[in-house]
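The chains referred to below are lettered A, B, ... by the order of the sequence lines, with proteins before strands, and numbering in each begins at 1. These values consider heavy atoms only, across backbone and side chains, with no hydrogens, waters or symmetry-generated copies.
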There are 4 protein chains.
Amino acid sequence: MPRAEREREMLDAAVRVIGRSGYQAASMDEIAEAAGVSKPLVYLYLNSKEELFTACVEREARTLVGAVQAGVRAGDPPDRQLWRGLTAFFRYAAERADGWQVLHIRARTHGEPFARLADTMREQILALVTALIADAARSEHGTRDLPAREVEGLAHALVGAAESLATRAGSDPTLTPAESARTLMAFAWTGLEGLVAGRRWAAGE
Amino acid sequence: MPRAEREREMLDAAVRVIGRSGYQAASMDEIAEAAGVSKPLVYLYLNSKEELFTACVEREARTLVGAVQAGVRAGDPPDRQLWRGLTAFFRYAAERADGWQVLHIRARTHGEPFARLADTMREQILALVTALIADAARSEHGTRDLPAREVEGLAHALVGAAESLATRAGSDPTLTPAESARTLMAFAWTGLEGLVAGRRWAAGE
Amino acid sequence: MPRAEREREMLDAAVRVIGRSGYQAASMDEIAEAAGVSKPLVYLYLNSKEELFTACVEREARTLVGAVQAGVRAGDPPDRQLWRGLTAFFRYAAERADGWQVLHIRARTHGEPFARLADTMREQILALVTALIADAARSEHGTRDLPAREVEGLAHALVGAAESLATRAGSDPTLTPAESARTLMAFAWTGLEGLVAGRRWAAGE
Amino acid sequence: MPRAEREREMLDAAVRVIGRSGYQAASMDEIAEAAGVSKPLVYLYLNSKEELFTACVEREARTLVGAVQAGVRAGDPPDRQLWRGLTAFFRYAAERADGWQVLHIRARTHGEPFARLADTMREQILALVTALIADAARSEHGTRDLPAREVEGLAHALVGAAESLATRAGSDPTLTPAESARTLMAFAWTGLEGLVAGRRWAAGE
DNA sequence: GATGAATGAGCTTTCATTCAT
DNA sequence: AATGAATGAAAGCTCATTCAT
């Protein structure tokens, strides 16, 4: 079997095993066995456990960001962009459940080399969402009355909500990507429209 | 030093160490040293690494749920309940950063015994929020036009948004609990009010 | 068993095993078994294979240099100093055959950390011998007609000869330290006296 | 490229690599790469790491012994024979530094198969030197008053001295083979002449 | 109540060696 | 004649856990 293909299978196996048991708990023995090869071969191709994991995270991050960016089409109206981005995201999380685990749970759990990678990916998504919200505010309003700091907060909230719904969908197979996206659009877009339109909850404290 | 107090100090140390380095990376040696006692004493009191971690998770979960429940006062109007619950939550995450790490990151990263505990805690919070949203819909509307499944989805979204904002606050010390709560209320409550009032985003797909 | 004693026994075992099979060939398992303890204990006390070996080399070097220095008494006439130094050296090599192997063969065979240590030891011995020869030349002659570079060469030759005779004695148990010392004195001192007295072989090339 | 030549290049590479890093530290990968061929080819020609090393040691031993024997011309007077033998030896050690390392350090460091080979070579040299010394004694004296055992000891001393000076020359490039040979002749021949002439150091102990 | 001393089990990594082509 | 692909075996090291005191 040619090297490139074997390597891909190893990454598949690693994502599967690490996604399920975590980085530390996954032993190289286990990963090699899941890939159907011997351990030395894994080392020959991927060099070390750390590099192997890095390669997994990078590949999954590229896949996810790519899918979301492909969904968000610059010309569309903001709500449609968001809707399609979310759908792409939930679809990724459903179809590559182990990959999503690797990105969302496993990578963020381990010091420097991995957490930074996962953060970079998350920040790319956050930037997308931030731009979207700012855009919506501007297009609705003529001028943006939402300060950057607040927009960023909203983006964080939105991304966190999406992550949470993806996790929920992971444990309830009847929840389709479309339904999760609909739920989140209902929650988020209605609120954002309101905000943009000047409706705002006033603290009673 | 009386046993109860020593035990508390051990848990403090364990939460600190595990919160920072993770369950697997934290060695019993390290924890014992951080607690200022010898390793056998840790075993005498807490029996095993697993039980020690379980005790940490349980204590932190009790603390967090307690704080949130104390905030949510049954008689208050729904928005005020939510506001106070969120404030309590962000305050906990800020004041006991290591504890929050243990609950949010560390516990969910390790098989069965711990993930289940963390889930239980999360579900208590979710139940609280779900009830709150249903309540708001009912009080505003007379009848709830929001089906249970959707309310649950909204609750998940809200909780995920809160978690994300807590993480954000963790890496930007200028973000106070109140500001995080305000951001989330702006995001969530405006939308919820809209939903309840029948405003709803219509999918274009 | 108290730590200090155990540690000494570990070093004994390590010197024995490494002296016989060499640094690389000696496994930590083997050394631990020879010391009658478990491998983790060896690591607990000596930290790593490298540090363990370093400790061996240092201890043996100290022992050997100490023995030789104790033999060479500053007040004695040079030939007597040399004779006693050599006797002490051959006695060490005979009594601690494994230690001698460690210093002479094993340590010089491995990069930087160890070779340097062994070299340092050898240089201490060389310095001693160099001083002795220079001294002999001076005392015999009033003035030294032997240039430093040549004296150094002679010292190297003498030390090499001693090492070679020690190795020979190692494989022929009937050779006592005294006999080796006598052989070398016969070889070296007669020549040195001759050199000092101006007798010198003239190259025919 | 014809097999014989390829094989020679492999041995060259092996001597180079093993001479510098040692037998164990040198990996077959490294040697194959240094030889500019693939690993299986090394196995095809040399069968195993052990046989490869054996071939190296044998070749270098043959080269060294051959060079020394070519120097020692049977008809010459003993001192001239020794002088030329030493010069040949130091020249070999300087010109084939890696080969000398292999013989002197690497081969003697590893069990049975190699140490024996190196010993055989050393014994050939020792026999040469022993014969030379006995010869000198006889020719000077009519009858040899030096017992065989002592002559052997002197030969060991002389060879050890030569080895030590070769090592010294290895770390100081200004030392030419001729100078090393001169130093050793000064040291050894003056003494041997004295011995033969009946001058002898009398132990004071 | 508290600890110094000790270990079984397991993990990552490396390397000599061999097929199939 | 030559190699890319693959592996069995073993080594260094760590850690949760337990006695004996």
Map D:Arg3 and B:Lys39 onto DNA chain F by nearest heavy atom, then report which one ends up closer to the 5' terminus.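 It is D:Arg3 whose nearest nucleotide is closer to the 5' end.
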Taking for each residue the nucleotide of DNA chain F with the nearest heavy atom, is it C:Ala25 or B:Glu50 whose nucleotide lies nearer the 5' end?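 Result: C:Ala25.
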Can you tell me the distance, in whole Å, between the [atom1] atom of [X] and the [atom2] atom of [N]?
X: C:Gln24; N: F:dA11; atom1: CD; atom2: C1'; result: 11 Å
X: B:Met28; N: F:dT18; atom1: CE; atom2: C1'; result: 12 Å
X: C:Glu30; N: F:dG12; atom1: CD; atom2: C1'; result: 14 Å
X: A:Arg6; N: E:dA20; atom1: CZ; atom2: C1'; result: 14 Å
X: C:Ile31; N: F:dA11; atom1: CD1; atom2: P; result: 11 Å
X: C:Lys49; N: E:dT13; atom1: NZ; atom2: P; result: 19 Å
X: A:Leu44; N: F:dG4; atom1: CG; atom2: P; result: 12 Å
X: C:Leu41; N: F:dC19; atom1: CG; atom2: P; result: 17 Å

Exercise: identify the closest heavy-atom pair between D:Val102 and D:Val57: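 Closest heavy-atom pair between D:Val102 and D:Val57: CG1-CG2, 4.0 Å.
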Aromatic ring pairing B:His110/B:Phe53, orientation class (parallel under 30°, perpendicular over 60°, tilted between):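 If you compare the ring of B:His110 with that of B:Phe53, the planes turn out perpendicular.
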Walk me through whether A:Ile31 and A:Ile18 qualify under side chain to side chain contact (heavy atoms under 4.5 Å, CB included). CA-CA 8 Å; A:Ile31 293 172; A:Ile18 295 179; 4.1 Å; yes
Could you summarise the pairing of DNA chain E as dot-bracket text, marking Watson-Crick and G-U pairs under 3.5 Å with ( ) or [ ] inside the strand and | across strands? .||||||||||||||||||||
Would you indicate, yes or no, if F:dT14 has its OP1 or OP2 atom less than 4.0 angstrom from a side-chain nitrogen or oxygen of C:Tyr43?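 Answer is no, no contact under 4.0 Å.
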D:Tyr45 side chain near F:dA2 phosphate (N/O to OP1/OP2, under 4.0 Å):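 So the side chain of D:Tyr45 is within the cut-off, an N or O lying under 4.0 Å from OP1 or OP2 of F:dA2.
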Any idea which of F:dT3, F:dA9, F:dA6 is nearest the A:Ser38 side chain?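 Nearest to the side-chain atoms of A:Ser38, counting from C-beta on, is F:dA6.
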Side chain of B:Ser27, heavy atoms from C-beta onward: which of E:dC19, F:dA16, E:dG8 has the nearest atom to it?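 Side chain of B:Ser27 sits closest to F:dA16.
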Spatial distance of atom CZ (D:Arg108) from atom CE (D:Met121) [nearest 0.5 Å]: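 Those atoms lie 8.0 Å apart.
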Output, in order, the C-alpha distance, side-chain angles, deciding distance and verdict of salt bridge (Lys or Arg N to Asp or Glu O under 4.0 Å) for C:Glu9 and C:Arg6. CA-CA 5 Å; C:Glu9 284 188 1; C:Arg6 264 266 187 273; 3.7 Å; yes
If you apply the rule salt bridge (Lys or Arg N to Asp or Glu O under 4.0 Å), what do you find for C:Glu163 with C:Arg122, and how did you get there? CA-CA 11 Å; C:Glu163 288 166 345; C:Arg122 202 169 185 261; 2.8 Å; yes
A cation-pi test, strictly: NZ or CZ of D:Arg106 under 6.0 Å from the centre of the six-membered ring of D:Phe114 and no more than 45 degrees from its axis. Yes or no?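 Cation-pi check for D:Arg106 and D:Phe114: fails.
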Mapping A:Ala26 and B:Gly36 onto DNA chain E by nearest heavy atom, which one lands closer to the 5' end?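 Closest to the 5' end, via its nearest nucleotide, is B:Gly36.
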